[in-house]
Amino acid sequence: MSFFERDIQKLGFGMMRLPKKDGAIDIEETKRMVDRFMDAGFTYFDTAWAYPGSEDAVRQALVKRYPRESFQLATKLAAWIKCKTRADAEKQFEDSLRQTGAGYFDNYLLHNLGEGRTHFFDDFDLWSFVREKKAEGKIRHIGFSFHSTPEELESILSAHPEMEFVQLQLNYADWENPAIQSRGVYETARRHNIPIVVMEPVKGGLLANPPESVLRVLRGAEPESSAASWGIRFAASLPGVLVVLSGMSSMEQMEDNLSYMKDFAGLGEAQRATVERAREELAKIPLIPCTNCNYCAKVCPMEIGVSGTFEAVNIYTLYGDLARAKSREGWQVGGHGRKHAVECIRCGQCEEACPQHIAIRNQLAAAAELFGQKKEA
């Protein structure tokens with residue numbers, strides 16, 4: 001019986017943030033976590049070629065120790081990483097088979113479509129490649145993970161109706177966030193009636209330690225429940241969701257997740273109201289009102305990643321996590337080929353183009369100071 005046919009528990013083990021020891025993945029602790037997960041009746045594991053050491057850890061902690069039909073394994077192909085030809089991309093698939101030792105993948109994803117990454121999958125025609133591997137029996141189900149706009153998701157789903165599921169970033173903090181548009185991409189997937197796997201339900205761990213005003217709302221409703229549980233339960237309650245991934249890195253996190261996801265039946269009306277109040281508290285925190293329209297990027301002579309910078313600053317404002325904010329800025333700006341805030345020449349063209357009337361020059365100067373950026377000599 002396949003993943004799509006069985007009545008599966010809705011918690012998946014995301015294996016991107018596995019426990020570490022001396023700078024490497026702690027295989028023995030990972031084994032204990034896998035055992036606990038399986039013993040509790042959960043069977044879905046998610047890894048990726050791009051997660052350093054994760055596929056090998058899956059082989060050692062899961063594949064070598066359990067019958068192959070007793071679990072479902074998903075991994076991913078990231079054609080935008082160091083791939084110049086279709087053969088380069090295809091090699092990732094073979095690497096994943098070798099590194100996991102799984103023989104086949106229950107779910108295989110084209111990894112992180114959206115923005116400037118989608119064209120690699122089109123250029124190399126990896127859509128036909130995954131269909132071929134499915135026909136060979138090396139893949140049970142094909143899908144893709146996605147980080148971009150509802151409009152781009154609509155375009156991809158319309159062009160590729162053969163896709164059997166989509167993996168989306170859905171959490172209550174980003175539900176109405178104009179930069180991430182969780183509600184918009186969710187509703188797009190629902191219109192296409194395509195099953196959804198949820199990633200980042202706790203926003204990379206940030207919702208496990210939300211602002212104090214949010215925490216008061218959550219604790220007031222359920223003093224015994226962790227903050228993280230609200231993010232995972234919110235996502236798991238959405239119609240059309242197959243499974244919600246939690247990137248667990250400790251047995252403590254594992255036990256917490258299992259405690260409320262075993263036979264999970266969805267949030268009740270009062271619990272949904274609590275999540276809405278938590279979201280309202282988040283909305284009260286003053287943020288840079290960037291909607292990610294990127295009109296500024298189209299006129300900036302320095303090609304500065306304005307919206308990515310502001311997203312990172314907002315993460316710091318909300319959660320006080322400077323390391324996470326810096327990491328986000330690095331990906332959203334440098335990772336997208338844009339220049340950092342410190343390179344602003346204060347020409348003002350961005351502010352003339354901004355429909356939100358943001359004082360962009362001053363905000364970029366503050367961001368450069370926050371992130372400790374210095375101009376290159």
Side-chain angles (χ1 to χ4, degrees), residues 7-19 29-30 32-46 167-177 180 182-183 186 196-283 285 315 318-321 324:
D7 184 20
I8 193 170
Q9 297 279 4
K10 277 198 170 183
L11 178 67
F13 192 164
M15 307 191 82
M16 183 171 69
R17 302 180 179 94
L18 293 172
E29 183 65 9
T30 300
R32 286 189 284 271
M33 292 174 68
V34 165
D35 291 347
R36 183 70 184 93
F37 192 71
M38 293 285 284
D39 287 347
F42 296 87
T43 56
Y44 190 81
F45 297 83
D46 174 271
Q167 189 158 305
L168 301 174
Q169 176 177 325
L170 302 179
N171 57 68
Y172 71 80
D174 293 329
W175 196 240
E176 305 291 356
N177 184 335
I180 297 175
S182 279
R183 179 201 284 270
Y186 168 75
I196 299 166
V197 175
V198 174
M199 57 183 163
E200 304 292 354
V202 193
K203 199 171 172 63
L206 293 174
L207 294 181
N209 186 30
E212 185 59 35
S213 60
V214 175
L215 202 54
R216 282 197 297 271
V217 170
L218 302 180
R219 286 177 174 167
E222 293 182 6
E224 72 285 358
S225 296
S226 68
S229 77
W230 287 96
I232 292 175
R233 288 183 291 161
F234 165 78
S237 295
L238 294 170
V241 167
L242 286 170
V243 67
V244 177
L245 303 176
S246 178
M248 294 172 275
S249 55
S250 70
M251 187 63 79
E252 180 183 10
Q253 293 172 0
M254 173 72 71
E255 293 293 353
D256 182 50
N257 285 344
L258 297 180
S259 71
Y260 55 81
M261 287 303 292
K262 180 71 172 176
D263 301 317
F264 178 68
L267 292 179
E269 184 176 345
Q271 293 169 316
R272 290 194 296 271
T274 296
V275 173
E276 184 57 34
R277 289 198 300 275
R279 185 161 48 236
E280 289 170 356
E281 288 300 322
L282 281 172
I285 298 172
I315 285 175
L318 283 169
Y319 306 104
D321 190 331
R324 182 63 60 84

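All values below come from the heavy atoms of this structure, side chains included, with hydrogens, waters and symmetry mates left out.
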Please report the interatomic distance OG(Ser226) to CD1(Ile232), rounded to the nearest 0.5 Å. 7.5 Å
Heavy-atom side-chain contact between Glu200 and Leu170 under 4.5 Å: no
Between Leu245 and Val198, is there a side-chain heavy-atom distance shorter than 4.5 Å? no
What's the spacing between Leu168 CG and Ile196 CD1 if we round to 0.5 Å? 5.5 Å
Take Asn177 and Ser182 through the side-chain contact (heavy atoms from CB on, under 4.5 Å) test and state the conclusion after the steps. CA-CA 7 Å; Asn177 184 335; Ser182 279; over 6 Å; no
Decide yes or no on side-chain contact (heavy atoms from CB on, under 4.5 Å) for Leu318 and Leu206, but give the supporting numbers first. CA-CA 9 Å; Leu318 283 169; Leu206 293 174; over 6 Å; no
Would you say CD of Glu269 has more than 12 non-hydrogen atoms from neighbouring residues, nucleotides or ligands within 6.0 angstrom? no
Flag if over 12 foreign heavy atoms under 6.0 Å of CG, Asp321: yes
Quick one: does Ile180's side chain get under 4.5 Å of Gln169's, heavy atoms only? yes
Are Glu280 and Arg277 within salt-bridge range, i.e. N to O under 4.0 Å? no
Does the side chain of Met199 come within less than 4.5 Å of Asp46's, by heavy atoms? no
First locate atom OH of Tyr260, then atom CD of Glu224, and finally report the distance between them rounded to the nearest 0.5 Å. 13.0 Å
Spell out, as yes or no, whether a donor-acceptor pair under 3.5 Å connects the side chain of Ser237 to the backbone of Leu267. yes
Looking at every non-hydrogen atom in both residues, tell me the closest pair between Pro201 and Asn171 and how far apart they are. O-CB, 3.2 Å
In Å, rounded to the nearest 0.5 Å, how long is the span from CG of Leu282 to CD of Glu176? 12.0 Å
When rounded to the nearest 0.5 angstrom, what is the spacing between CZ in Arg32 and CG in Asp39? 13.5 Å
On a heavy-atom basis, which atom in Leu215 and which in Ala227 lie closest, and how many Å separate them? CD1-CB, 3.9 Å
Start with the C-alpha distance between Phe13 and Met33, add both sets of side-chain angles, then the distance that settles side-chain contact (heavy atoms from CB on, under 4.5 Å), and finish with yes or no. CA-CA 9 Å; Phe13 192 164; Met33 292 174 68; 3.9 Å; yes
Any salt bridge between Lys262 and Glu255, counting N to O under 4.0 Å? no
Sub-4.5 Å side-chain heavy-atom contact between Gln271 and Phe234: no
Are the side chains of Phe42 and Lys10 in touch, meaning some heavy atoms are under 4.5 Å apart? no
Kindly compute the distance separating CZ (Arg233) from CG (Asn257), expressed to the nearest 0.5 Å. 11.0 Å
Nearest heavy atoms of Tyr186 and Trp175, plus distance in Å: CD2-CH2, 3.5 Å
Is there a side-chain contact between Tyr319 and Leu207, using heavy atoms and a 4.5 Å cut-off? yes
Do Tyr44 and Gln9 make a side-chain contact, defined as non-hydrogen atoms from C-beta onward lying under 4.5 Å apart? no
